[in-house]
Enquirer: 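One structure follows; several queries about it will come next.
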Number of protein chains: 2
Amino acid sequence: MARTQGSRAEITGPLIRTHARRLFARQGYAAVSMRQIASAVGVQAGALYAYTPDKQALLFDLLQDHMEHLLASWSDIPGDPLSRLEHFVRFHIDTSLDHADAVFLAYMELRNLTPENFARIAALRGQYESALETILRDGVAAGVMRIDDLKLATMALIAMLTGVTNWYREGGRLDRRRIGDIYWGLARGAVGAD
Amino acid sequence: MARTQGSRAEITGPLIRTHARRLFARQGYAAVSMRQIASAVGVQAGALYAYTPDKQALLFDLLQDHMEHLLASWSDIPGDPLSRLEHFVRFHIDTSLDHADAVFLAYMELRNLTPENFARIAALRGQYESALETILRDGVAAGVMRIDDLKLATMALIAMLTGVTNWYREGGRLDRRRIGDIYWGLARGAVGAD
DNA sequence: GTCTATACCAAGATAGAC
DNA sequence: GTCTATCTTGGTATAGAC
């Protein structure tokens, strides 16, 4: 980044968010300095403050945008509960891989939010979890799933699916479709649908 | 902590480790200062350096001790693969709840280790994962489990079980035995053992 | 909008007295 | 082994020029 002066507001804003997201995810919010983000973007540290009032707001905005995007992207489908669960499983895995940095942030850096900011993100996450819980409840009611405890099954499935971000590497042994197949098999079994 | 002078090596060492573990788990390694740890222990920051050469070594020792304790505590049992899997599930959940801070650290703060330290902890974790993988392989060979992909099933189960630390609270709705029952049901289904 | 320069503070770590 | 005091570095954030 050899540039020394000039205005590029239309691209600097998104760049700051992208690099901050990546750095926060890889090293942790507290371990990343504003100088480091600025350096990745190609501006001086002071310039960041034209886009965010402070570092905390930057983190919160990233998390909030991710959760809102997640909720806006999700839509249940009509049909039987098992098809709807399969749809959720594939959606969650695809999203987790497409937005791996944001997903990782959203459940690792909640502790670095102020209490008010934490409460707002937690509420959004609760909404998302209840989307899955609803499917499981319907599955039990329809007699196509056997589940001892709805809340735990919901948390367990989400933890299992999100775990894909721990080992997935682009260009690895398995493609995404195949990964979805495998996890769907695990999830279907876990809810007693075999 | 009103004490101003004096030697208490026999208790200060363990106290430093306990408080560092708790603080690192709650706020993240990078967000915790040596002064903060010292304050929790009741000594001045300089005194910590009689016990650890630096902050990085303190983190590494906590992770290494946890992984070694985990591996030393685990022992497979003789018997059929399903009983062995049930034993693993209950062991993993009990351990995760007994040592919640260390478990959380061990998979969240790896990124704050130097490359050499990271490699050593990752190797220990690989050993632990292969304990589960062996059980699953035996279960498939014995025809009592149906698993599409051994590696993924191993990672998925561990992620699901470890997730218990995300929501468990002492004195909550469910006791540990019941939690173990529920997760065992989920795991048994996931490996196609119903 | 971005730069350079800097104020201000807290971090990790060390030295030497007790 | 612990304290007090301090060195040095690097952090967040701001001011004012361009």
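Since this is a predicted model, take the numbers as computed values, not measurements.
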Enquirer: Could you give the CD1-to-C1' distance, from B:Ile11 to D:dG1, as a whole number of Å?
Expert: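 My rounded result for the distance is 12 Å.
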Enquirer: Checking B:Glu133 now: which residues fulfil salt bridge (Lys or Arg N to Asp or Glu O under 4.0 Å) with it, not counting sequence neighbours?
Expert: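 Counting only residues at least two positions away or on another chain, B:Glu133 forms a salt bridge (Lys or Arg N to Asp or Glu O under 4.0 Å) with B:Arg137, B:Lys151.
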Enquirer: Can you tell me which nucleotide in D:dT12, D:dT2, C:dG12 comes closest to the side chain of B:Ala47?
Expert: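 Shortest atom-to-atom distance from the side chain points to D:dT2.
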Enquirer: Quick check: are there more than 12 heavy atoms from other residues, nucleotides or ligands sitting under 6.0 Å from CZ of A:Arg146?
Expert: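 No - once you tally the heavy atoms of other residues, nucleotides and ligands closer than 6.0 Å, there are 12 at most.
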Enquirer: Quick one: does any side-chain atom of B:Tyr29 pair with a main-chain N or O of B:Leu105 as donor and acceptor, under 3.5 Å?
Expert: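 Absent.
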Enquirer: Would a single hydrophobic cluster contain both B:Leu62 and B:Tyr107, if residues Ile, Leu, Val, Met, Phe, Trp and Tyr are joined by side-chain heavy-atom contacts under 4.5 Å?
Expert: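 No, B:Tyr107 and B:Leu62 fall in different hydrophobic clusters.
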Enquirer: Return the value, rounded to whole Å, for the distance between atom CD1 of A:Ile37 and atom P of C:dT2.
Expert: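 Result: 15 Å.
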Enquirer: Which residues satisfy the ring pair (Phe, Tyr, Trp, His ring centres under 6.0 Å) test with B:His66, sequence neighbours excluded?
Expert: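 By the ring pair (Phe, Tyr, Trp, His ring centres under 6.0 Å) rule, B:His66 matches no residue at all.
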Enquirer: Measuring from atom CD of B:Glu116 to atom CD1 of B:Ile121, what distance do you get when rounded to the nearest 0.5 angstrom?
Expert: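 That separation rounds to 12.5 Å.
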Enquirer: How many Å lie between OH on B:Tyr49 and P on C:dG16, as a whole number?
Expert: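 So the two atoms are 18 Å apart, to the nearest Å.
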Enquirer: CG of B:Asn112 versus P of C:dG12: gap in Å, rounded?
Expert: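 Answer to the nearest Å: 12 Å.
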Enquirer: Could I get a table of every N or O pair under 3.5 Å where one atom is in the protein and the other is in nucleotides 6-11 of chain D?
Expert:
| from | atom 1 | to | atom 2 | distance (Å) |
| --- | --- | --- | --- | --- |
| D:dG11 | OP2 | A:Arg35 | NE | 3.3 |
| D:dG11 | N7 | A:Arg35 | NH2 | 2.5 |

Enquirer: Counting side-chain heavy atoms from C-beta on, which of C:dT2, C:dT14, D:dT2 comes nearest to B:Thr12?
Expert: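 Per side-chain heavy atoms of B:Thr12, the pick is D:dT2.
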Enquirer: Looking only at side-chain N and O atoms, does B:Gln44 come under 4.0 Å of OP1 or OP2 in D:dT2?
Expert: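 Answer is no, no contact under 4.0 Å.
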Enquirer: Is there a side-chain polar atom (N or O) of A:Tyr51 under 4.0 Å from OP1 or OP2 of C:dT2?
Expert: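 The answer is yes; a side-chain N or O of A:Tyr51 sits under 4.0 Å from OP1 or OP2.
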Enquirer: Nearest of D:dC3, C:dT14, C:dT2 to any side-chain atom of B:Val43?
Expert: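 Closest nucleotide to the B:Val43 side chain: D:dC3.
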